[in-house]
Protein chains: 2
Amino acid sequence: MSEFTDALRVSGAVRLADIDPAATPGSAGSKREGAAALEEGGARLAALQERLFAASRGGGTRAALLIVQGMDTSGKGGIMRHVVGQVDPQGVAIRAFKAPTEEERAHDFLWRIERALPGPGMLGVFDRSHYEDVLIHRVRGLSAPAEVESRYGRIVAFEQGLLDRGIEVVKVMLHISREEQGARLLERLDRPEKHWKYNPGDVDERQEWDAYMEAYEVAIERTGIAVPWHVVPADRKWFARLAVQELLIEALERIDPRWPEADFDVAAERERLLATG
Amino acid sequence: MSEFTDALRVSGAVRLADIDPAATPGSAGSKREGAAALEEGGARLAALQERLFAASRGGGTRAALLIVQGMDTSGKGGIMRHVVGQVDPQGVAIRAFKAPTEEERAHDFLWRIERALPGPGMLGVFDRSHYEDVLIHRVRGLSAPAEVESRYGRIVAFEQGLLDRGIEVVKVMLHISREEQGARLLERLDRPEKHWKYNPGDVDERQEWDAYMEAYEVAIERTGIAVPWHVVPADRKWFARLAVQELLIEALERIDPRWPEADFDVAAERERLLATG
């Protein structure tokens, strides 16, 4: 089980250059075995999610939140489709955070995050998140350095607040190599049915690769206090999906949701039902 | 293709008692063959949904909306899980309409519906809908008869407006037998892990079965003008899922979404990307 997570969890400082994006730690499998494992894990994930959802109908207040960060093409969409897509869509709330709207910019950076948090019983998923406010904001100078500096501590306090409210949080950075990103962007250009996924701005961001890696290192080191980070090697899509699935399964196992007790008299209801013929 | 839909589409008056809830029109298959067909159809549905989503990124404004109505235990949740769950969750917005909140009650009955409509490129799914306002409201007298009476025409106008805005709408009534509902409710009582799905109010509603069937007949006859109704026999879950899947596939085929054209110079971007090394 936690072969994955032990190897992926980061505590303290991290040097991304020392983590091989093509690694498959804790998994000796091949792409094909990975696909089989992903399907098998999907059944476990779906069963746990159903219990989480059910528990909330009995008054349970716990929820789960998966935060997915990563460079363009790192596979965030694939995680949504192939891992999050394995559970009942009625119990999932996916939110993709794009460049903030005018209304969002008029508020504190955590305002739109707070509004997107999962309710009781739900699995919330963030495709990008408040971490953009210390990543692109640092690299592109969208906020003053002192403002960015202040955000790390505020993020830690915010995430501690999520835990205090019973939200189990999983933070993942999908770690791809610069070479793999180049290949994936090229594929988007060379296949007309993938053009819609390509944005000229992606190349602008790619030109700041080293600055982004540094911004990730700082963010990971400074915000792993309440909720630890997991750096998931993502050059092999099958491995990244399997790893995130396992992290989700473990998070739900920590919640250990139980079927709620009936809040009605089962025997009496049985009689009442049978009387209807 | 439309063996299903031709047989399920209703125009004008309908007598639900004349439609066998255990029928499998247009499908000679068994439960096992149905499961295989459902998986195969899932790939087609997912491919169409991806194109719908992609088209919106190129400025396309079309969207799809599936409205699912049916008595308790008719399988609405199973449609969400097993059909809607087959497509990329990033492109789906499911909304379950429960008893209205105080804020919702302070507005017109279509207010909360309007706010839940799918945006461009999205597949919206309503688990119950504005039809509750002419079903339970009629049966339980929650609104005055004249008010209920006025709603049929307003629903037709509202749905015509959806079509005018480019929203392709599919309306489905999951048609189960009273006997099958009894068996499914009993199963919820007899299996502790299903207790959370049981609500004593379900038996109260069951006692009004005939009144509900009549309310459905009136609603179907009076609101099938802009968007036709489909009555889907639902005693066999595999058939109902397959039928709704096919209805969705056909709706997306009517939209016939196309991959958007690149709004950038592909050759120039290719050069710019390769220059980054």
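- Looking at Lys194(A), there are no atoms closer than 4.5 Å to chain B (heavy atoms on both sides), in backbone or side chain.
- Interface remark: Asp127(A) contributes side-chain atoms only to the contact with chain B (heavy atom separation under 4.5 Å).
- Of the atoms belonging to Arg206(A), it is side-chain heavy atoms, and not backbone ones, that fall under 4.5 Å from chain B.
- Side-chain contact check for Gln207(A) and Thr276(B): no donor-acceptor pair (N or O, by modelled atom type) lies under 3.5 Å.
- Contacts of Asp190(A) with chain B are made by side-chain atoms alone, with heavy-atom separations under 4.5 Å and no backbone atom involved.
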Give the table of side-chain donor-acceptor pairs shorter than 3.5 Å for residues 78-88 of chain A, with sequence neighbours excluded, one pair per line with atom names and distance.
unit_1, atom_1, unit_2, atom_2, d
Arg81(A), NE, Asp88(B), OD2, 3.3
Arg81(A), NH2, Asp88(B), OD2, 3.4
Gln86(A), OE1, Gln245(A), NE2, 2.7
Gln86(A), NE2, Leu38(A), O, 2.9
Asp88(A), OD1, Gln90(A), N, 2.9
Asp88(A), OD1, Gln90(A), NE2, 3.1
Asp88(A), OD2, Gln90(A), NE2, 3.1
Asp88(A), OD2, Arg81(B), NE, 3.3
Asp88(A), OD2, Arg81(B), NH2, 3.4

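- Neither the backbone nor the side chain of Arg51(B) comes within less than 4.5 Å of any heavy atom of chain A.
- Between the Arg105(A) side chain and the Pro100(A) main chain, a donor and an acceptor come within less than 3.5 Å of each other.
- Contact count against chain A (heavy-atom pairs under 4.5 Å) is highest for Pro200(B) among Gly91(B), Gly77(B), Pro200(B).
- Looking only at distances, a side-chain donor or acceptor of Gln181(A) sits under 3.5 Å from a matching main-chain atom of Asp72(A).
- With hydrogens and angles disregarded, no donor-acceptor distance shorter than 3.5 Å links the side chain of Glu104(A) to the backbone of Trp111(A).
- When each of Ala54(A), Pro260(A), Ala262(A), Ala268(A) is scored by its heavy-atom pairs under 4.5 Å with chain B, the top score falls to Ala54(A).
- Annotation: maximal heavy-atom pairing with chain A below 4.5 Å, among Ala93(B), Ala96(B), Gly277(B), Pro192(B), occurs at Gly277(B).
- If you measure heavy-atom distances from Arg95(A) to chain B, you find no contacts under 4.5 Å at all.
- For the pair Lys76(B) (side chain) and Gly70(B) (backbone), a donor-acceptor distance under 3.5 Å is present.
- The distance from the OH atom of Tyr198(A) to the CZ atom of Arg184(A) is 16.0 Å, given to the nearest 0.5 Å.
- When heavy atoms are compared at a cutoff of 4.5 Å, Ile94(A) approaches chain B solely by way of its side chain, counted from C-beta outward.
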Donor-acceptor pairs under 3.5 angstrom involving side-chain atoms of residues 55-63 of chain A: please list them, not counting sequence neighbours.
unit_1, atom_1, unit_2, atom_2, d
Ser56(A), OG, Phe53(A), O, 2.6
Arg62(A), NE, Gly166(A), O, 2.7
Arg62(A), NH2, Glu168(A), OE1, 3.1

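- Ranked by heavy-atom pairs under 4.5 Å with chain A, the first of Glu193(B), Glu179(B), His195(B) is Glu193(B).
- Most heavy-atom pairs under 4.5 Å with chain A, from the set Leu186(B), Asp265(B), Val92(B): that is Leu186(B).
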